[in-house]
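Just below is one structure, and these are the notes that go with it.
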Amino acid sequence: MIKHVVLFKLKEFNSPIEKQNKMKQIQMGLTCLKAIIPEILSIEVGLNTNPKEKFDIALTTTHKSMEDLAIYANHPKHLDISKIIREVLEDRSCVDFEF
């Protein structure tokens, strides 16, 4: 089993409401992928509530194998939400591990 963990830091927005709306859009877009991509065994998307921390969004997914993770990563619907994220992304950190 593979756990895919990603942290996203978004660029500055004109207002906190605008940033929150974009974060919710990203959260919903990622969460909906579970119903579309069978290689996702589980998915969680959390929005940071601690203003002292650097990252804004945490994503975890689980997959049977690295091959299934690659299928997820290259799926057209995942690429669609990735494009939305990249438009507002300042920084990203990722780790994939077996468990």
Side-chain angles (χ1 to χ4, degrees):
M1 297 284 285
I2 301 295
K3 183 161 293 230
H4 175 63
V5 181
V6 186
L7 300 174
F8 302 101
K9 176 168 178 44
L10 305 185
K11 297 176 183 177
E12 290 297 318
F13 284 76
N14 292 326
S15 72
I17 292 172
E18 183 182 345
K19 182 176 185 177
Q20 194 68 22
N21 288 341
K22 182 56 75 172
M23 289 170 57
K24 287 179 182 178
Q25 177 191 13
I26 292 168
Q27 181 182 38
M28 182 173 289
L30 288 168
T31 302
C32 289
L33 294 176
K34 171 79 169 86
I36 299 168
I37 305 172
E39 289 77 14
I40 299 172
L41 299 178
S42 69
I43 188 166
E44 291 182 290
V45 183
L47 306 182
N48 184 27
T49 57
N50 184 348
K52 295 180 181 178
E53 294 298 333
K54 173 181 176 179
F55 290 96
D56 298 301
I57 301 170
L59 163 69
T60 62
T61 62
T62 57
H63 310 271
K64 288 182 183 176
S65 64
M66 288 299 290
E67 291 78 17
D68 281 359
L69 174 58
I71 291 168
Y72 153 73
N74 293 296
H75 191 282
K77 293 296 184 184
H78 176 258
L79 295 175
D80 288 345
I81 190 65
S82 294
K83 182 179 177 187
I84 293 169
I85 294 168
R86 278 193 310 275
E87 291 171 354
V88 294
L89 187 64
E90 181 175 306
D91 196 7
R92 176 186 179 275
S93 187
C94 178
V95 64
D96 301 313
F97 62 90
E98 290 187 48
F99 69 102

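Counting begins at 1 with the first residue of the sequence.
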message: Measuring from atom CD1 of I43 to atom SG of C32, what distance do you get when rounded to the nearest 0.5 angstrom?
response: 9.0 Å

query: Quick one: does I57's side chain get under 4.5 Å of F55's, heavy atoms only?
result: no

- prompt: In the single-linkage hydrophobic clustering (I, L, V, M, F, W, Y; side-chain heavy atoms under 4.5 Å), do L7 and L10 co-cluster?
  reply: no

message: Between M28 and V88, is there shared hydrophobic-cluster membership here, with clusters defined by ILVMFWY side-chain heavy atoms closer than 4.5 Å?
response: no

- request: Determine whether the side chains of Q27 and K24 contain a donor N or O and an acceptor N or O closer than 3.5 Å.
  value: no

- request: Using the side chain to side chain donor-acceptor pair (under 3.5 Å) rule, pick out the option among H4, K3, H63 that qualifies with D96.
  value: H4

- prompt: Could you state the interatomic distance from CD1 (I71) to OG (S65), rounded to the nearest 0.5 Å?
  reply: 7.0 Å

- request: Any chance you could measure I26, atom CD1, to N21, atom CG, to the nearest 0.5 Å?
  value: 11.0 Å

message: Counting neighbours of CD on E98 that are heavy atoms of other residues, nucleotides or ligands and sit closer than 6.0 Å, is the number greater than 12?
response: no

query: Can you find a pair of side-chain heavy atoms, one from I2 and one from K64, that are under 4.5 Å apart?
result: no

- prompt: Quick one: do L69 and V5 end up in the same hydrophobic cluster if we chain Ile, Leu, Val, Met, Phe, Trp and Tyr together by side-chain heavy atoms under 4.5 Å apart?
  reply: no

field: pair E44-T61: side-chain heavy atoms closer than 4.5 Å
entry: no

query: N14 and K19: side-chain contact (heavy atoms from CB on, under 4.5 Å), yes or no, with the steps?
result: CA-CA 8 Å; N14 292 326; K19 182 176 185 177; over 6 Å; no

- request: Specify the closest pair of heavy atoms between A73 and L79, including all atoms of both residues, with the distance to one decimal.
  value: O-CD2, 3.5 Å

- request: Treating Ile, Leu, Val, Met, Phe, Trp and Tyr as nodes and any side-chain heavy-atom pair under 4.5 angstrom as an edge, say whether L30 and L89 lie in one connected cluster.
  value: yes

- prompt: Between atom CG of N50 and atom CD of E53, what is the distance when rounded to the nearest 0.5 Å?
  reply: 5.0 Å

message: According to a hydrophobic-cluster definition based on side-chain heavy atoms being under 4.5 Å apart (Ile, Leu, Val, Met, Phe, Trp, Tyr only), do F13 and I85 belong together?
response: yes

task: Indicate the atoms forming the closest heavy-atom contact of M23 with D56, along with that distance.
output: CE-O, 3.4 Å

message: Which residue is it: L59, I81, V45? I am looking for the one with a side chain to side chain contact (heavy atoms under 4.5 Å, CB included) to T31.
response: V45

Rounded distance (nearest 0.5 Å) linking atom OH of Y72 with atom CD1 of I36: 11.5 Å

- request: Can you measure from NZ (K77) to CG (L33) and round to the nearest 0.5 angstrom?
  value: 9.5 Å

